[in-house]
Structures are given as C-alpha cells and as structure tokens.
Amino acid sequence: MKKTLIFLILSVGFCHAQVGDLIWQENFDNLDNWMKITGNGSWGWGNGELEFYKEENVEVAEIPGEQGNNALHITALEESGPDIVDQWGNPLNYTSGKVTTKAKVSVQYGVIETRVRVPDLDLGGWPAVWLLGTSNLSWPRSGELDLMEMGSRQAFRDLHDEHNGGNGANNSTVNQVVGANAIFYADEAVTPENPTGAASISWDPDDDYCRPYYNYDNLNDRFLVYRMYWDPDSIRFTVIDDSVEYDFYTEPFPIDSVSAEFQEPFYLIANLAIGGLFTDAEYLGGDGLPISMSFPAHMYVDYIKVMEWNGQGEVHIGPPTFQEGTFGLFTDTTPIDNGLVVGEDAEIYVWEGTLSEGTIPPYEGENGISWQTTGLGWFGAGIMSMQPVNLFNFGEGHLKFMIKIPAHVSFQIGIIDTWGNQSYVEFPANQTTYGLVRDGNWGQASIPVEDIRGEWIDLRMLSYEFVILEVNGASCEFGLDDIYWDDGVTNNIIENEFSETPIKYSLNNNYPNPFNPLTTIHYDLPEDGFVNVTIYDMMGRTVKIMVNKEQNAGVKSVQWDATDSFGKPVSAGLYLYTIQAGDFTQTKKMVLLK
C-alpha cells in the first residue's frame, strides 16, 4: 500500500442488490493457492518499510481459542542477520510475512469478504489484506484495492474522527482505527510531489467522504469482517464489527473511464509490514517515531470468500489461459490461432526516447513497425500485453519475426515475464543468426523458445512477448513486421498399435496439457527393451513410477490420474515426466490445474 496525494470522486447511489451465491472460498487449510514472498517490502513500492519478508514467518495454524479452525498465520519478529537486509544491503532489524495469489487465483467483481485479527500495533505495525491488478502495467496504472489496513498516521486519524465512531477528540490510537482504499492512475493526480499520478480515494483533506471506522474498545486481538462490494460500476468498502456493518466511505466509489483499472481482474495479498510512510514510525530513507510494537506479533486471516454481487463475480484459478498453435504479436496476413491487437490488448513501447518513427514500409499487410535511432547510445523497445499471456505450450516452438536492419548493427531479442525476469539472445553484426540473413532486404529470424526463455522466464506469465535491444550506440533505421510465436507441435501423431514401428525413440507431449485430473503420456520405442517412465516434482522428488518393465517396440501411452505412488492426489503445479529406454533419456514438463 502506498500513501497517495489526490482524491477523485463523483456521486453515486448506494447499491441495493443482494449478496448472491458463494463462488470461491479460501479456508487456509493449506497454502496451495498462495506464494510466500521473500525480500524487503520496500522493493518497487517506495513505502520505506523496515521488515524483511521470510517464508518461515508464514504458516497455516489453528486460531487460538477456535479449536479446529485454521487460518493464515503471519508472525513479525525483531531479529537481524546477514541475509536480513534492504535492497541496498543495509541491515534490517525486523522480519515478517507476506503471501500473494499472483498466477494462482484472480478475482473480478463480486463481494470479497475476509475475517482478520491483528496484533497490538502500538506504533509501527501495518497489517493489510489487499489486491493488485493482474495487469502488466506498472503501479498505479494496474490499480490497487485495500480491503483493510491499520497503522495509519495520527494526522489521518484526527482528520476523520468526527464520523463513524470517532469522538472528535483527536486521541485515537492505531489500535482503534481501520480503513480501506482504492488507488488508480489519473492525469489530474500528476504533480511534482506525486509524479506517479496515483489517485487515492482516501485522500480527502476536506473530510467530505473518507470514513475510517473508530472503536475505542480497540480493534486488535479480535476478529473483524471486511467486505468489498464490487461490480463494473462501483466499489463499496465496509467493516462488520459485532454484527453491525459500517461503511468506510459516505458513498460507493463510481468506476468510470479514468478508473477503468477496476474493471480488470485482481489478485490477493496479505501481509504485516513494519514501519513505513503509511505510519508515524521510522522508515527507510527518513525519520519517524521509534517502533514500539511488541514482538513477536501475530496476524491471522481466517478466510477469504468471493460471492456474487449484482449478478457479477468471477474467480480464475491458475495462470492465464494456455495458448496453442500460432500466437501473433504483430501480423496482418499470417494465419494465427490467437494473438494481440496493438491498441486494444497490447501496446508498443519505446524506452526512454531512444527511437523515433521511421519510414520503412511494412513487409506484409498495411501495418508495420519502423524506427530511427535518436543518438542516445542505445535503443530499446517492445510489445507488451496489457494482461499476462500464457505461452507455456510454446516451449518447443519458435519466436519468429521479419526484420530489415543494417548488417553492422548488433542487437538482442528478448522476452520479459511479469516477475521481472528478462532473457535475450544475441544477433551479432555481420553474421547470419537464427536464419536471419542481412543483405539489405527483409529477412526472417526463427528463435527456438528453449534458447530465448533462459533459466528463469515464466512462460505462463509473459508481459513483454517481444523486445529488441541494442547497447553499442549504432545509428540506423530498421523495420519489424510479422512477429509471432509457433508452438512447434504437430497434430499427426500416430497413436494406435497398428502403426509402423517408430524409427527413433521419442517422448511426445502429454495431452491434454494443462490437465485436471487425467493426462496421457505418449512415447515411441523403435526396439524392444526395458523402459522406465517416471513423474517428478520440481524439486526432483519422485512422485510416481508409471512404467518400469520390458516393452515391445511400438507407439506407447500411459495415463496419469494426478496421484502419487500411494494413490493420494497431488497438488496443482508443474511436474516433470522422464523416459529412460536403453541409452535414450528425455524429460518434458506438464501442468496440473485444480
């Protein structure tokens, strides 16, 4: 969460629809839908938080006093060590926990409800349950929705304490006030003090609209229920305390073209931060009051529910939809199965003014990309999808493109995933690389995806599906066109026992992939012999031995039902399957969805 400087609001009437059916519920019996975050919480956010997030500080635990009821349990500790540092390597004195459902669960509309218990915050604690947009656009253009957060500054609490349980005496503590917020980008919000253009509905210096909830019996060490009523037209935040529901704002926030971020999917986050600009406590890069919160501090999230609201509500489990066949990024005449449309679900970005418009006509169709370098010593540009794109099924395929560029220019082609991982391949000057012949005319390059994906790229969650980069300062004009991915999969695999004996060993793609709960693994044996087919998890641990015996030559298959060697269902995720037959060994990947 980030304190922002501009408040924008229009009037809208309260909604009178009924809460509908339960769509999805997280009871925290396990953390299969969540990823634990490691690192310093100020990375990328500018909050100046003082904690280092450790996986060990997050667990599923029984709620004290509620036998048999599990919850997400986050523990904050006062501790230091060689690995507990900020992004500059400076030592930190606190650890805590943070989890996110990015790439695992996303929500679009509905009533989102959570039951949360926070510790004694005293001064320095900043607990929150919130959402970020799945969009590849950077914050705040991706949008932020804070269901609940506590630990706010005294000035904020004093400003609003004549409403919603406040006593007007300017004496509330951080344990007695809770709020909610929505943040988005607005041109009107861009100022020297707020260069990001973040517009916050809690920024209300005239005390007209924002209504945090006050209870002088304290809100910590007990559970409260928080709700967000969300449809394409509005957002309403509330808190339920002792069965009474209180609104955090005088009216629901209306969604319009300026705040259209809130018409896209969001993923869930829960964390307990220490210090930071939201609080009156000290923070990285500045001064504040000393941290006085008692440690260890314990935060519990009992559940998160999504229910229908105004007929709206959708929960997507797993990464974005898997693409197959041919995926076009910039094509006119090439047949594609799916793709991006620049200006609708994708944009072309030039980095830091390093390129200007060129004059080279398109290679095919009416649309092409032509650029001229601007003499800044390098250039970079790319095609970015507005939402993550899942090209996991293209792991054996190619990234293909047409380019017209002088032979003396060395450049790189790369991709970037939503986690910030980047990977590039080199096109040295005056060489034929990946089939690209540079003779002054248009030429095609065909890069195997296994080369460009590198070690860390998550093909399920791509943000930039094509990047061109040059770092040697060469001046030139160049053109790009007909950019697409192919999955490298042929559909004429012979699978029956009456086919001819295969001429070579092969481990073929399982089908379907992704799957739930059944998939079939196909393999070819050119001769009789002993065969082993085994499934492993991503840690290299054996999940199940599927075949371990002599087999005759032929086209073979075996079906996996997503269970381990004991017949117990396995968790959703990425798995490896390997064949060993004679001297032949091959491994491939598959994805189980739940």
Side-chain angles (χ1 to χ4, degrees), residues 1-7 41-42 45-51 76 78 93-94 96 116-130 144 146-183 191 193-194 198-222 224 226 237 239 241 246-250 271-295 297 299:
M1 290 65 60
K2 188 169 189 175
K3 185 174 181 181
T4 49
L5 301 175
I6 296 294
F7 158 73
S42 67
W45 301 99
N47 286 330
E49 301 166 23
L50 301 178
E51 81 288 338
E78 186 173 11
N93 298 316
Y94 306 95
S96 189
V116 183
R117 170 178 158 180
V118 304
D120 179 3
L121 305 179
D122 200 6
L123 186 65
W126 181 5
V129 177
W130 49 302
E144 175 178 331
D146 303 325
L147 267 72
M148 65 78 59
E149 59 181 348
M150 291 179 65
S152 55
R153 289 174 175 256
Q154 187 76 51
F156 174 84
R157 305 196 306 270
D158 292 349
L159 176 63
H160 303 294
D161 70 354
E162 294 183 0
H163 317 282
N164 219 10
N167 59 15
N170 294 350
N171 63 352
S172 63
T173 70
V174 289
N175 288 324
Q176 296 166 342
V177 182
V178 65
N181 199 10
I183 301 173
T191 66
E193 296 79 20
N194 186 38
S200 166
I201 67 171
S202 70
W203 178 254
D204 183 18
D206 295 327
D207 188 27
D208 292 327
Y209 173 71
C210 182
R211 296 292 179 263
Y213 172 63
Y214 296 75
N215 188 317
Y216 295 96
D217 290 331
N218 289 338
L219 302 172
N220 63 294
D221 294 327
R222 63 187 182 91
L224 284 85
Y226 301 90
F237 294 102
V239 57
D241 185 8
Y246 303 87
D247 279 272
F248 282 125
Y249 295 91
T250 58
N271 68 296
L272 175 55
I274 311 297
L277 289 168
F278 181 76
T279 74
D280 281 314
E282 55 188 336
Y283 58 94
L284 294 178
D287 297 324
L289 298 174
I291 301 293
S292 56
M293 183 170 70
S294 298
F295 296 96
M299 175 180 175

Where the side chain of [X] meets the backbone of [Y], is there a donor-acceptor pair that is under 3.5 Å apart?
X	Y	result
Arg153	Leu277	yes
Asp204	Cys210	yes
Asn175	Asn218	no

The criterion is side chain to side chain contact (heavy atoms under 4.5 Å, CB included); which residues satisfy it with [X], sequence neighbours excluded?
X	result
Glu162	none
Ala281	Leu123, Thr279, Ile291
Asp122	Asp120, Ser292
Ala169	Asn167, Asn171

Qualifying residue for side chain to side chain contact (heavy atoms under 4.5 Å, CB included) with Asn181, from Trp203, Phe237, Tyr249: Tyr249
Hey, which of Glu149, Gln176, His160 is the one that makes side chain to side chain contact (heavy atoms under 4.5 Å, CB included) with Pro212? His160
Considering residues at least two apart in sequence or located in another chain, which fulfil the side-chain hydrogen bond (donor to acceptor under 3.5 Å, both in side chains) criterion with Gln154? Arg157, Asp158
Of all residues at least two apart in sequence or in a different chain, which pass the side-chain hydrogen bond (donor to acceptor under 3.5 Å, both in side chains) check with Tyr213?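 Residues passing side-chain hydrogen bond (donor to acceptor under 3.5 Å, both in side chains) with Tyr213: Asn215, Asp241.
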[X] versus [Y], closest heavy-atom pair with distance:
X	Y	answer
Met299	Pro127	SD-CB, 3.7 Å
Ala180	Phe248	CB-CD1, 3.6 Å
Leu159	Pro205	CD1-O, 3.8 Å

Supply the atom-to-atom distance [X] [atom1] to [Y] [atom2], rounded to the nearest 0.5 angstrom.
X	Y	atom1	atom2	value
Arg211	Thr250	CZ	OG1	6.0 Å
Glu282	Asp287	CD	CG	8.5 Å
Phe278	Tyr283	CZ	OH	15.0 Å
Glu78	Leu50	CD	CG	11.0 Å
Asp146	Tyr226	CG	OH	12.5 Å
Tyr214	Asp217	OH	CG	16.0 Å

Using side-chain heavy atoms (C-beta onward) and a distance below 4.5 Å, is [X] in contact with [Y]?
X	Y	result
Phe295	Ile274	yes
Trp126	Leu272	no
Leu219	Met150	yes
Asp161	Asn170	yes

Step by step, would you call Trp130 with Asn271 a side chain to side chain donor-acceptor pair (under 3.5 Å)? CA-CA 9 Å; Trp130 49 302; Asn271 68 296; 2.8 Å; yes
Can Val239 and Met148 be said to form a side chain to side chain contact (heavy atoms under 4.5 Å, CB included), step by step? CA-CA 8 Å; Val239 57; Met148 65 78 59; over 6 Å; no
